[in-house]
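Below is one structure, written out as structure tokens; comments come after it.
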Amino acid sequence: MKTMKLGIIGCGNISDAYLTGGAKSQIVSVKAVTDLNAEAARAKAEAYGVEAMTVDAMLADPDIEMIINLTVPQAHATVSGSILAAGKHVYSEKPFAVTYAEAKEMVASADAKGLRIGSAPDTFLGAAHQRARELIDEGRIGKVVGGAVTFATPAWKCGTPTRSSSSRGAAGRCWISAAIRLPSWSIAWGRWKASWLTPHAGGTSASSPVSRTTARN
């Protein structure tokens, strides 16, 4: 089986989970990391035995087929768009984008290029959700005409220390985190796409070039 080579943009705390998981996987492997802070990228690369490179070098590397976007939320759409433009698949940390319009644009871009895009929380791709889809498709619970989901989390668990000061307060981050976990029953199950993204108020578009917006998550 061919091993897919991955790149990671953003070397904040969450990158450790992806680097650890990548090292244990038999189907993917992390080739390189990059970050706006070159020292952070070098340190992470040394710790996990991978390469440290610039964003441009990663986008141009023919060995890297998919890039994991771990930048700050405001940069997600810009960075993911640049990854798609480079002809590579994208997996992004939440939120997929900060506006619904940005999300639609990325889905359209991926469709046009025949690329795949995905976003955390990856539990939407898990066995329980796939089984739920199977039961619905088989008609085991009758005809589904709607659904509702409730999400709650302790307030003290909200907030990410390494996010930039441009992020909203802890309560704001908690609200956004909850919002993106509310899928509709129009999910395109079985397709690796974030068509479930829930639009929310207050989003802004990141317009800076990718090399200027790759701050750590």
Side-chain angles (χ1 to χ4, degrees), residues 1-6 8 14-30 65-70 73 76-77 80-81 83-84 88-158 160 173-201 203 217:
M1 178 185 295
K2 179 184 177 182
T3 300
M4 176 182 281
K5 296 291 181 65
L6 310 179
I8 293 177
I14 193 62
S15 65
D16 292 303
Y18 288 92
L19 285 159
T20 300
K24 295 177 180 178
S25 175
Q26 296 180 353
I27 60 175
V28 299
S29 66
V30 178
E65 298 180 61
M66 183 174 77
I67 295 179
I68 300 172
N69 181 359
L70 304 182
H76 282 183
S80 292
I83 296 169
L84 291 171
K88 302 182 187 299
H89 305 296
V90 178
Y91 186 84
S92 173
E93 255 300 334
K94 57 187 180 290
F96 182 67
V98 294
T99 69
Y100 184 60
E102 288 177 340
K104 286 185 66 177
E105 184 177 347
M106 281 190 285
V107 170
S109 177
D111 278 342
K113 296 177 178 293
L115 296 170
R116 293 190 174 192
I117 54 178
S119 175
D122 57 8
T123 48
F124 287 126
L125 303 177
H129 294 82
Q130 296 298 323
R131 179 56 177 160
R133 174 56 196 262
E134 289 176 4
L135 295 175
I136 292 171
D137 286 347
E138 293 169 2
R140 300 278 290 277
I141 62 173
K143 182 180 180 180
V144 177
V145 296
V149 176
T150 300
F151 176 83
T153 185
W156 58 267
K157 288 188 176 181
C158 299
T160 306
R173 288 198 295 275
C174 178
W175 183 84
I176 291 173
S177 178
I180 63 166
R181 285 173 166 80
L182 301 180
S184 70
W185 283 101
S186 62
I187 261 183
W189 294 90
R191 298 181 66 195
W192 186 18
K193 287 195 174 176
S195 58
W196 47 267
L197 182 74
T198 302
H200 57 80
N217 188 0

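When reading the values below, keep in mind they use all heavy atoms of this one structure, side chains included, and skip hydrogens, waters and symmetry mates.
No donor-acceptor pair under 3.5 Å is formed between the side chain of S25 and the backbone N or O of G21. Side chain of N69 to backbone of H76: a donor-acceptor contact under 3.5 angstrom is found.
Taking the side chain as every heavy atom from C-beta outward, I67 and V90 never approach each other to under 4.5 Å. Side-chain contact between V30 and Y18 is absent, with no heavy-atom pair separated by less than 4.5 Å. Side-chain contact between R140 and E134: absent, with no pair of heavy atoms (C-beta onward) separated by less than 4.5 Å.
Note: K104 NZ to S109 OG = 14.5 Å, rounded to the nearest 0.5 Å. If you take CD1 on I136 and NZ on K143, they are separated by 13.5 Å, rounding to the nearest 0.5 Å. Rounded to the nearest 0.5 Å, atoms NZ (K88) and CD1 (I68) are 13.5 Å apart. Here the CD-CD1 distance, from E93 to I8, works out to 10.5 Å after rounding to the nearest 0.5 Å. Note that OG of S29 and NZ of K24 are 16.0 Å apart. Values are rounded to the nearest 0.5 Å. Atom CG in L84 sits 13.5 Å away from atom CZ in R116 (nearest 0.5 Å).
Shown here for F96 and I117, the closest heavy-atom pair between the two residues is CZ-CD1, 3.5 Å. Scanning both residues, S80 and M106, for their nearest heavy atoms gives CB-SD, 3.4 Å. The shortest heavy-atom contact between P95 and S92 is O-OG, 4.1 Å.
By the neighbour-count criterion of 12 heavy atoms within 6.0 Å, atom CD of E138 is densely surrounded, having more than that number from other residues, nucleotides or ligands.
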Handout entry: salt bridge (Lys or Arg N to Asp or Glu O under 4.0 Å) between E65 and K2, worked out
Key = CA-CA 12 Å; E65 298 180 61; K2 179 184 177 182; 3.2 Å; yes

